[in-house]
Amino acid sequence: MGRPEFEGVSGRVMQHASVRLSGARRMASVRSNGRRSSGTSTRTVVKTTFSFVRTKGGKVRSSGVQKAKDAAQYYGHRPDKDGVRQYREGFNAEREDLSKHEVAKFIEEEARKPESVYAYRMIMSPGAPMNEQQVKDWARSTLERHGVSQYVAFAHAGEHAHTDHAHVHVMFMRQEKLERDDFKALRVVGDDESDKQLKAEQELDRQKVQENTRERLSQIELGG
């Protein structure tokens, strides 16, 4: 599967909402101009970068906040496959209709919280065909399992996609820097959630087939 291209953005998570799997070993911080890319042992692809929204003195870094807002604008206005630009509403754990104003407000409010130091912008791709709603559900469940509850995201899939590979741009802020094991754990859970979604859809299809079969048999018995 081709990987979604890397682009800029910004976002946040609460201090207590660390991304971990039970038993995962925390590794030393590896600096590479704020960029990281996941490995290729899973279908799920995770790419990320970060910027700082707080100075060493503890003040809000206005340039970092503006960078996040600019990135959100960019994600929300990517053209579709036909080159048409129209705003994609953002989504979070509870809503699917976040306006540009609400996204900007979220970024500003999150940056003011003292635990917000790193502003992460992350691309998550399930490595499987999904429409817009499916990739939203997948991203929500994957993030939830990692305790990521405060975020804003944009889905790029289905008729509004600009690429054939479904993916989501997620923005969140947190106090601690994410490490390599965090991303590995996120990829593993992403695969698991993708498998769950596929099985659930297959079960629904099976039930529909059974229901249609019962209806046809009933019609035959009634002489229909």
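The basis for the numbers below is simple: all heavy atoms, side chains too, and nothing from hydrogens, waters or symmetry mates. We number each residue from 1, following the sequence as shown.
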Pair Met124-His167, side-chain contact (heavy atoms from CB on, under 4.5 Å): steps then yes or no: CA-CA 6 Å; Met124 298 171 57; His167 61 282; over 6 Å; no

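- Pairs engaging residues 163-173 under the salt bridge (charged side-chain N to carboxylate O under 4.0 Å, His left out) rule: Lys81-Asp164 [sequence neighbours left out].
- Atom CG in Leu143 sits 12.0 Å away from atom CD in Gln150 (nearest 0.5 Å).
- Partners of Glu89 by salt bridge (Lys or Arg N to Asp or Glu O under 4.0 Å), not counting sequence neighbours: none found.
- Residues satisfying the salt bridge (Lys or Arg N to Asp or Glu O under 4.0 Å) criterion with Arg140, sequence neighbours excluded, are Glu96, Asp137.
- Atom CG of Leu98 sits about 9.5 Å away from atom CZ of Phe91, to the nearest 0.5 Å.
- Heavy-atom contacts from other residues, nucleotides or ligands closer than 6.0 Å to CD of Gln133 number more than 12.
- Scanning both residues, Ala155 and Val135, for their nearest heavy atoms gives CB-CG1, 3.8 Å.
- Qualifying side-chain contact (heavy atoms from CB on, under 4.5 Å) partners for Thr55, counting only residues two or more places apart in sequence or in other chains: Lys59, Arg61.
- Separation of the Phe154 and His169 ring centroids does not fall under the 6.0 Å cut-off.
- Considering only residues two or more places apart in sequence or on other chains, Arg54 meets the side-chain hydrogen bond (donor to acceptor under 3.5 Å, both in side chains) condition with none of them.
- For Asp70, the side-chain contact (heavy atoms from CB on, under 4.5 Å) partners are Gln66, not counting sequence neighbours.
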Intermediate values then yes/no, side-chain contact (heavy atoms from CB on, under 4.5 Å), Phe50 and Lys177: CA-CA 9 Å; Phe50 66 81; Lys177 189 177 180 183; 3.6 Å; yes

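- Listed for the Tyr151 side chain is a donor-acceptor partner under 3.5 Å among the backbone atoms of Ala93.
- In this structure, the side chains of His77 and Tyr87 come closer than 4.5 Å at one or more pairs of heavy atoms.
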side-chain contact (heavy atoms from CB on, under 4.5 Å) assessment of Thr48 paired with Ile123: CA-CA 6 Å; Thr48 187; Ile123 299 176; over 6 Å; no

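- With rounding to the nearest 0.5 Å, the separation of OG in Ser51 from OH in Tyr118 is 11.5 Å.
- Taking CH2 from Trp138 and CG from Asp195, the interatomic distance works out to 11.5 Å, rounded to the nearest 0.5 Å.
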Test log, rule side-chain contact (heavy atoms from CB on, under 4.5 Å), inputs Arg43 and Ser194: CA-CA 9 Å; Arg43 296 188 308 275; Ser194 179; 3.9 Å; yes

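- The existence of a salt bridge linking Lys136 and Glu132 is confirmed by a sub-4.0 Å separation between a basic side-chain nitrogen and an acidic carboxylate oxygen.
- Proximity of Arg174 to Ser116: side-chain heavy atoms (C-beta onward) are nowhere separated by under 4.5 Å.
- Looking only at side-chain heavy atoms (C-beta outward), Val152 and Glu102 stay at 4.5 Å or farther from each other.
- Counting only distance, with no hydrogens or angles, the side chain of Tyr75 and the backbone of Val170 share no donor-acceptor pair below 3.5 Å.
- Between the side chains of Thr44 and Arg187, no donor-acceptor pair of N or O atoms lies under 3.5 Å.
- Residues forming a side-chain hydrogen bond (donor to acceptor under 3.5 Å, both in side chains) with Glu108 (at least two apart in sequence, or on another chain): Lys69.
- Checked against side-chain hydrogen bond (donor to acceptor under 3.5 Å, both in side chains), Glu193 has the following partners two or more places apart in sequence or in another chain: Ser141, Arg145.
- Heavy-atom minimum distance, Ala128 versus Ala166: O-CB, 4.4 Å.
- With rounding to the nearest 0.5 Å, the separation of CZ in Phe106 from CG in Asn92 is 7.5 Å.
- Going from atom NE2 of His156 over to atom OG of Ser125 covers 12.0 Å, rounded to the nearest 0.5 Å.
- Partners of Arg112 under the side-chain hydrogen bond (donor to acceptor under 3.5 Å, both in side chains) rule, at least two apart in sequence or in another chain, do not exist in this structure.
- Counting all heavy atoms, side chain and backbone alike, Val168 lies closest to Ala139 at CG2-CB, 4.0 Å.
- Between Lys113 and Glu115 there is no salt bridge, since no side-chain nitrogen of the basic residue lies less than 4.0 Å from a carboxylate oxygen of the acidic one.
- The side-chain contact (heavy atoms from CB on, under 4.5 Å) test applied to Val117 returns Phe52, Gln175, not counting sequence neighbours.
- Considering every non-hydrogen atom in both Val53 and Val65, the closest pair reads CG1-N, 4.2 Å.
- Side chains of His146 and Leu186 form a contact here, defined as non-hydrogen atoms less than 4.5 Å apart.
- Shown here are the salt bridge (Lys or Arg N to Asp or Glu O under 4.0 Å) partners of Lys100, two or more places apart in sequence or in another chain: there are none.
- Hydrophobic clustering (ILVMFWY, side-chain heavy atoms < 4.5 Å, transitive): Val60 and Met171 are in one cluster.
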